Amino acid sequence: MEKKTKPLANTCSFAGIRPIMVDLPYPPIQVGGQDQAYAGILSNDYCGAVSELSAITQYINNENRLSCEKCPLAKTILGIAMAEMMHLQKLGELIVLLGGSIDFAARQPNGRQKLWTPQYLTIPERTDQMLLADIEAEKAAIQQYQMHIRMIGDNAVNAVLERIIKDEEYHIMLLRTMLSELCQ
């Protein structure tokens with residue numbers, strides 16, 4: 001006799017989820033002029049080891065693994081991922097305006113290129129470790145953006161990077177709050 005099983009379904013609804021970011025406008029996406037070196041620097045923020053592409057992929061992976069059991073947490077993670085998608089899009093626009101190309105290759109100062117790989121991700125099993133890995137990734141992104149601001153002499157580009165940093169700082173605050181609530 002065949003055993004009847006109830007179909008499994010994820011009941012966590014993601015309808016209406018919006019990007020989670022600081023309530024401040026972004027500066028105009030513009031550049032002072034084409035500059036391949038600046039485009040190369042931004043390619044690392046776009047798709048390097050510490051990048052928006054890595055953040056999006058890590059957050060979506062976490063959200064998928066959490067959505068069946070920890071729906072509110074998964075919804076927040078998805079909202080953060082959506083903000084990272086907006087960062088990726090803005091960086092892509094800047095790279096193109098600077099005369100660079102969007103090909104998922106992070107350009108090094110020595111001329112070498114490294115294609116994005118999922119090996120850049122940290123994918124722990126436990127929820128608390130996921131949140132800690134996300135916090136560390138956000139901190140690394142902020143440090144990298146600050147370093148790139150010092151390297152780039154284009155005020156319009158730097159204004160966008162400074163605005164992105166505000167979102168990353170906000171994400172750290174949210175992730176820390178979720179971690180503390182998880183540990184209670």
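These numbers come from a predicted model, not from an experiment.
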Is atom [atom1] of [X] surrounded by more than 12 heavy atoms (other residues, nucleotides or ligands) closer than 6.0 Å?
{"X": "Gln146", "atom1": "CD", "value": "yes"}
{"X": "Asn110", "atom1": "CG", "value": "yes"}
{"X": "Asn64", "atom1": "CG", "value": "yes"}
{"X": "Tyr26", "atom1": "OH", "value": "yes"}

[X] versus [Y]: any side-chain heavy-atom pair under 4.5 Å?
{"X": "Met178", "Y": "Ile77", "value": "yes"}
{"X": "Pro118", "Y": "Trp116", "value": "yes"}
{"X": "Lys114", "Y": "Gln108", "value": "yes"}
{"X": "Glu84", "Y": "Ser51", "value": "no"}
{"X": "His148", "Y": "Ile41", "value": "yes"}
{"X": "Glu63", "Y": "Leu73", "value": "no"}
{"X": "Asp134", "Y": "Ile80", "value": "no"}
{"X": "Glu125", "Y": "Arg65", "value": "yes"}

Quick check: closest heavy atoms across [X] and [Y], and the distance to 0.1 Å?
{"X": "Asn44", "Y": "Gly40", "value": "ND2-O, 3.0 Å"}
{"X": "Cys47", "Y": "Ala105", "value": "SG-N, 3.5 Å"}
{"X": "Ala156", "Y": "Gln30", "value": "CB-O, 3.2 Å"}
{"X": "Gly153", "Y": "Tyr38", "value": "N-OH, 2.9 Å"}
{"X": "Ala106", "Y": "Gly48", "value": "CB-CA, 3.9 Å"}
{"X": "Ile29", "Y": "Leu97", "value": "O-CD1, 3.6 Å"}

For the pair [X] (side chain) and [Y] (backbone), establish whether a donor and an acceptor sit closer than 3.5 Å, ignoring hydrogens and angles.
{"X": "Gln58", "Y": "Thr122", "value": "yes"}
{"X": "Asn158", "Y": "Ile152", "value": "yes"}
{"X": "Asp45", "Y": "Leu91", "value": "no"}
{"X": "Asp154", "Y": "Val31", "value": "no"}
{"X": "Asp167", "Y": "Val22", "value": "yes"}
{"X": "Arg18", "Y": "Gly16", "value": "no"}
{"X": "Thr117", "Y": "Gln119", "value": "yes"}
{"X": "Gln36", "Y": "Gly99", "value": "yes"}

If we count only N and O atoms by modelled type, under 3.5 Å, do the side chains of [X] and [Y] hold a donor and an acceptor together?
{"X": "Gln89", "Y": "Glu93", "value": "yes"}
{"X": "Ser54", "Y": "Thr57", "value": "no"}
{"X": "His87", "Y": "Tyr145", "value": "no"}

Nearest 0.5 Å please: distance from the [atom1] atom of [X] over to the [atom2] atom of [Y].
{"X": "Tyr59", "Y": "Leu66", "atom1": "OH", "atom2": "CG", "result": "12.5 Å"}
{"X": "Ile135", "Y": "Leu179", "atom1": "CD1", "atom2": "CG", "result": "5.5 Å"}
{"X": "Glu169", "Y": "Ile164", "atom1": "CD", "atom2": "CD1", "result": "12.5 Å"}
{"X": "Ile165", "Y": "Glu138", "atom1": "CD1", "atom2": "CD", "result": "11.5 Å"}
{"X": "Leu131", "Y": "Ile172", "atom1": "CG", "atom2": "CD1", "result": "13.0 Å"}
{"X": "Cys71", "Y": "Asn10", "atom1": "SG", "atom2": "CG", "result": "7.0 Å"}

Consider only side-chain heavy atoms of I, L, V, M, F, W and Y, link residues closer than 4.5 Å, and tell whether [X] and [Y] are in one cluster.
{"X": "Val157", "Y": "Leu24", "answer": "yes"}
{"X": "Ile56", "Y": "Ile20", "answer": "yes"}
{"X": "Ile149", "Y": "Val50", "answer": "no"}

If you compare the SG positions of Cys68 and Cys12, is the separation below 2.5 angstrom?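 Looking at Cys12 and Cys68, their sulfur gamma atoms do not lie closer than 2.5 Å, so the answer is no.
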
Taking the inter-plane angle between the rings of Tyr46 and Phe104 on a 0 to 90° scale, is it parallel (under 30°), tilted (30 to 60°) or perpendicular (over 60°)?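 Correct class here is tilted.
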
Give the intermediate values and the outcome of salt bridge (Lys or Arg N to Asp or Glu O under 4.0 Å) for residues Glu136 and Lys139. CA-CA 5 Å; Glu136 290 308 310; Lys139 286 179 181 178; 3.5 Å; yes

The test is side-chain contact (heavy atoms from CB on, under 4.5 Å); show your working for Ile60 and Met85 and say whether it passes. CA-CA 11 Å; Ile60 293 296; Met85 290 176 206; 4.2 Å; yes

